*Asks:* 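My questions will all concern the structure given below.
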Amino acid sequence: MFDVIVAGGGPTGLFLACELRLAGVRPLVLERRPELDPADKAHGLAGQVVRLLDHRGLFERCGGRGAPAPAPGFFFGGLPLPLHTLGEENPMYLLPVNQRDLEQVLKERAAELGADVRRGREVLSFSQTDDRVDVVVRAPDGAETTLTARYLVGCDGARSLIRRQAGIAFPGVSDDSVVDRSALIGPSDRFRLVPGGRVVIDGLGEVPAHFHRTEKGVFTLLAHDPERPLVNTAEWEDAPAGDFPGTGAPMTLAEMEESVERVLGVRLPLAPPPEGAPTMLRRLCGRNSRLADRYRVGRVFLAGDAAHVSHGPTLNLALQDAANLAWKLAAALRGWAPEGLLDSYEAERRVSGERVLMHTQAASALLAPGADVTALRLLFAELLGSPENLHMVAALMAGADVRHDMGEERPAAPTGRFVPPIDLTTGDGHVRRLAELLRDARPLLLDLTGGDDLAATAEPWNDRVRRVTATADRAPAPAMLIRPDGYVAWAGADPDGLKAALTRWFSPA
């Protein structure tokens, strides 16, 4: 019997497997694709998920340099956000990484940790009892077998079989009029990128490279790789021709050219990317915003796109789902999960899902055509001139606005929030970033008090919680109890408060 079966071996499933292995759990990942998905999908991560990857030592492996630093700018609804003006209050971090490259990194990390990942295995059905889940799986040769685990997690995407068979509703809204087209193209002498995030296009002039909105649609040109820029358009059409991939006719480069011409009003000849380079021609008709009404049925859980979809940063959300769920499953499997711990996964992560759906729908509305939307954008741009409003929008997009209920009536400021970055001098005299102490995904008591009171209080939990003594020039609290998912469960210096938090999250010693 396996500890956990993970249905789906995309980024969410692979990261969940890594987190479970760090927690000492034996996961089995079942993925129907025989190889990693080569499709060009997401092109980066944004918000506190970037720091979560840094906690696990994956930031640099995904192309980051050194430690994550706040981004000087970003966009909301195509409106520029001058985040550099927020100084140390800037909550937005960016990591430009293609989804296929992220999957490769997670595949390699899962292998290093000894996770059992089986490709070419299609999950057909499951049934559960009070103490196990039986999963019917089809192997590459067509043979069917039944595998058993203590828990099952559906990381199998927006059309999740696990969600449907669990009887979990997936309510939401759809806008069938929006058509998004994307293509990787080759270099061209008809356009050139210039400083300031802008592009000069022959016959048009200089426009924003990100989210150039016209009354016909939206144009975007991303050049993470100058040899194969990514061009995108969004149009609002009365009769969309059908998705591709999907039931529609295959997308063509000529169709992409025609869409660009409709949006910009000038013809921009497009060439395919260099031979041998990744390609993409994609048309997506309609935008869905959906949120599962439950994240758990018995021993079956949902994470990632199986639990939520939107035209936005769902991958950011998905990886944090995995980090939240993994340590709680491990606690249950090891027998020390306090009552209600597994239920707290849905309570905490569904709130984040609601926030993401809200802000992605609002951002999409700000890009739609129409004089009324243009007026709304002017008003919104004025509101963003206020540092308070700018910070609120940035925190919303970064996921930094969510504060979990940690059970205290008057919690200290960092309690319930994702732990801030801190530079430390540990008891052995080494200077370290806090992220370096979180590589093993264990609960951490960071003790900056310089005394022994908290050590005596925490001693009975030494098998579950690691204690590190350190000093720091700037810290939000004299001590912090940090959960494996990076959230502060308690902060302060009172031994009684620490004992209550240890009991609440890691059971009585």
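Quantities reported herein were computed from a predicted structural model and do not represent experimental measurements.
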*Asks:* Checking the side chain of Asn316 only, and the main-chain atoms of Ala46 only, is there a donor and an acceptor separated by less than 3.5 Å?
*Replies:*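 Side chain of Asn316 to backbone of Ala46: a pair is present.
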*Asks:* Look at Glu19 together with Lys328 and state whether they make a salt bridge at an N to O cut-off of under 4.0 Å.
*Replies:*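 Looking at Glu19 and Lys328, the cut-off is not met.
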*Asks:* Could you give the distance from SG (Cys155) to CG (Asp321), rounded to the nearest 0.5 Å?
*Replies:*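 With rounding to 0.5 Å, SG (Cys155) is 8.5 Å from CG (Asp321).
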*Asks:* Do you know which two heavy atoms are closest between Ala183 and Leu281, and how far apart they sit?
*Replies:*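 Closest pair (atom of Ala183, atom of Leu281, distance): CB-CD2, 3.6 Å.
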*Asks:* Show the numbers, then the answer: is there a side-chain contact (heavy atoms from CB on, under 4.5 Å) between Leu253 and Ile185?
*Replies:* CA-CA 9 Å; Leu253 204 57; Ile185 60 174; 4.2 Å; yes
*Asks:* Looking at Glu346 and Arg296, is there a salt bridge between them, counting it only when a charged N and a carboxylate O are closer than 4.0 Å?
*Replies:*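 Salt bridge: no.
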*Asks:* Test of understanding: with side-chain contact (heavy atoms from CB on, under 4.5 Å), list the residues that count as partners of Asp141, not counting sequence neighbours.
*Replies:*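 Here the qualifying residues are Ala139, Ala143.
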*Asks:* Just one of Leu448, Ile422, Leu445 clears the side-chain contact (heavy atoms from CB on, under 4.5 Å) bar with Met480, so which one?
*Replies:*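 Single side-chain contact (heavy atoms from CB on, under 4.5 Å) partner of Met480 among Leu448, Ile422, Leu445: Ile422.
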*Asks:* Could you tell me which non-hydrogen atom of Pro460 sits nearest to which non-hydrogen atom of Thr457, and how far apart they are?
*Replies:*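 Shortest heavy-atom separation between Pro460 and Thr457 comes out as CD-O, 3.3 Å.
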*Asks:* What pairs with Gln48 under side-chain contact (heavy atoms from CB on, under 4.5 Å), at least two apart in sequence or on another chain?
*Replies:*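 If we apply the side-chain contact (heavy atoms from CB on, under 4.5 Å) test to Gln48, skipping adjacent residues, the hits are Gln320, Ala400, Phe418, Tyr487.
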*Asks:* Scan residues 125-136 for pairs that pass side-chain hydrogen bond (donor to acceptor under 3.5 Å, both in side chains), counting only residues two or more places apart or in two chains.
*Replies:*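 Listed by first then second residue: Thr129-Asp131, Arg132-Asp134, Asp134-Thr148.
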*Asks:* If I compare all heavy atoms of Gln361 with all of Ser289, which pair ends up nearest, and what's the gap?
*Replies:*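 Scanning both residues completely, I find the closest heavy atoms to be CG-OG, 3.4 Å.
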*Asks:* So, the side chain of Glu408 versus the backbone of Arg410: is there a donor-acceptor pair under 3.5 Å, distance only?
*Replies:*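 It does not hold such a pair.
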*Asks:* If a pair satisfies side-chain hydrogen bond (donor to acceptor under 3.5 Å, both in side chains) and one of its residues is in residues 500-509, list it, with sequence neighbours excluded.
*Replies:*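 As it turns out, there is no side-chain hydrogen bond (donor to acceptor under 3.5 Å, both in side chains) pair with a partner in residues 500-509 once direct neighbours are skipped.
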*Asks:* Could you check whether any side-chain N or O of Arg290 sits under 3.5 Å from a backbone N or O of Phe170, counting only pairs where one atom can act as donor and the other as acceptor?
*Replies:*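 Indeed, once roles are kept as given, a pair shorter than 3.5 Å links the two residues.
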*Asks:* Between the main-chain N or O of Arg483 and the side-chain N or O of Arg442, is there a donor-acceptor pair closer than 3.5 Å?
*Replies:*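 No, Arg442 side chain to Arg483 backbone: no donor-acceptor pair under 3.5 Å.
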*Asks:* Test your reading of the model: is there a side-chain donor-acceptor pair from Arg349 to the backbone of Ala303, 3.5 Å cut-off?
*Replies:*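 No: the side chain of Arg349 does not pair with the backbone of Ala303.
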*Asks:* Salt bridge check, Arg61 against Glu112: does any charged N sit closer than 4.0 Å to a carboxylate O?
*Replies:*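 Looking at Glu112 and Arg61, the cut-off is met.
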*Asks:* Could you measure the distance from the CG atom of Leu444 to the CD1 atom of Ile482? Nearest 0.5 Å is fine.
*Replies:*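 Going from the CG atom of Leu444 to the CD1 atom of Ile482 covers 5.0 Å.
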*Asks:* For Pro443, does its backbone N or O pair with a side-chain atom of Arg464 as donor and acceptor, under 3.5 Å?
*Replies:*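 Not confirmed, Arg464 side chain does not pair with Pro443 backbone.
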*Asks:* Does anything in residues 294-320 pair up under ring-ring contact (aromatic ring centres under 6.0 Å, His included), and if so which pairs, sequence neighbours excluded?
*Replies:*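 Passing the test, one end in residues 294-320: Tyr295-Tyr345.
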*Asks:* Thr233 and Arg181: side-chain donor and acceptor closer than 3.5 Å?
*Replies:*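 No.
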*Asks:* Taking Gly8's backbone N and O only, do any of them form a donor-acceptor pair with Asp156's side chain (distance below 3.5 Å, no angle check)?
*Replies:*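 Pair absent, no side-chain N/O of Asp156 close to backbone of Gly8.
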*Asks:* Please determine if Arg350 and Glu354 form a salt bridge, counting it only when a charged side-chain N lies under 4.0 Å from a carboxylate O.
*Replies:*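 Salt bridge: yes.
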*Asks:* Indicate yes or no for a side-chain donor-acceptor contact from Arg466 to the backbone of Leu437 under 3.5 Å, with no hydrogens or angles considered.
*Replies:*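 Present.
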*Asks:* With rounding to the nearest 0.5 angstrom, report the CD to CZ distance, Glu122 to Arg33.
*Replies:*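 The CZ atom of Arg33 is 11.5 Å from CD of Glu122, to the nearest 0.5 Å.
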*Asks:* Tell me yes or no: between the side chains of Ser174 and Arg287, is some donor less than 3.5 Å from an acceptor?
*Replies:*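 Arg287 and Ser174 do not have a side-chain donor-acceptor pair below 3.5 Å.
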*Asks:* List the steps and the verdict of side chain to side chain donor-acceptor pair (under 3.5 Å) for Ser182 and Asn232.
*Replies:* CA-CA 4 Å; Ser182 304; Asn232 295 281; 2.5 Å; yes
*Asks:* Measure the shortest side-chain to side-chain distance between Cys285 and Asp176 over non-hydrogen atoms and say whether it is less than 4.5 angstrom.
*Replies:*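 A side-chain contact under 4.5 Å is absent here.
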*Asks:* CZ/Phe2 to CZ/Arg150 distance, rounded to the nearest 0.5 angstrom?
*Replies:*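 Interatomic distance, Phe2 CZ to Arg150 CZ, rounded to 0.5 Å: 14.5 Å.
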*Asks:* If you measure from the Lys or Arg side-chain nitrogens to the Asp or Glu carboxylate oxygens, is any gap between Asp116 and Arg118 under 4.0 Å?
*Replies:*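 Judged by the 4.0 Å cut-off on N to carboxylate O distance, Asp116 and Arg118 do form a salt bridge.
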*Asks:* What's the spacing between Leu95 CG and Leu52 CG if we round to 0.5 Å?
*Replies:*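 One finds 11.5 Å between CG of Leu95 and CG of Leu52.
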*Asks:* For Thr252 and Glu255, indicate whether the former's side chain and the latter's backbone hold a donor-acceptor pair under 3.5 Å.
*Replies:*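 Checking the backbone N and O of Glu255 against the side chain of Thr252, a donor-acceptor pair under 3.5 Å is found.
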*Asks:* Can you check whether Ile5 reaches Val133 side chain to side chain, under 4.5 Å on heavy atoms?
*Replies:*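 Side-chain contact under 4.5 Å: no.
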*Asks:* In terms of side-chain geometry, is the basic nitrogen of Arg100 or Glu35 positioned less than 4.0 Å from the acidic oxygen of its partner?
*Replies:*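 No.
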*Asks:* For the pair Asn98 (side chain) and Asp101 (backbone), establish whether a donor and an acceptor sit closer than 3.5 Å, ignoring hydrogens and angles.
*Replies:*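 Absent.
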*Asks:* Within a 6.0 Å radius of atom CZ on Arg159, are there more than 12 heavy atoms belonging to other residues, nucleotides or ligands?
*Replies:*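 For Arg159, atom CZ is not crowded (no more than 12 foreign heavy atoms under 6.0 Å).
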*Asks:* Between Arg283 and Glu235, is there a side-chain N and carboxylate O pair less than 4.0 Å apart?
*Replies:*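 No salt bridge links Arg283 with Glu235.
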*Asks:* Please, which pairs that meet ring-ring contact (aromatic ring centres under 6.0 Å, His included) have at least one residue in residues 104-141, sequence neighbours excluded?
*Replies:*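 Qualifying pairs: none.
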*Asks:* Regarding Arg299 and the six-membered ring of Tyr151, is the cationic atom NZ or CZ under 6.0 Å from the ring centre and inside 45° of its axis?
*Replies:*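 Arg299 over Tyr151 ring: yes.
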*Asks:* With a 4.5 Å cut-off on side-chain heavy atoms, are Leu284 and Val179 touching?
*Replies:*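 In short, these two side chains do not touch, never coming nearer than 4.5 Å.
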*Asks:* Let me confirm one number: the CG-CG distance from Leu102 to Leu14, rounded to the nearest 0.5 Å.
*Replies:*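 With rounding to 0.5 Å, CG (Leu102) is 9.0 Å from CG (Leu14).
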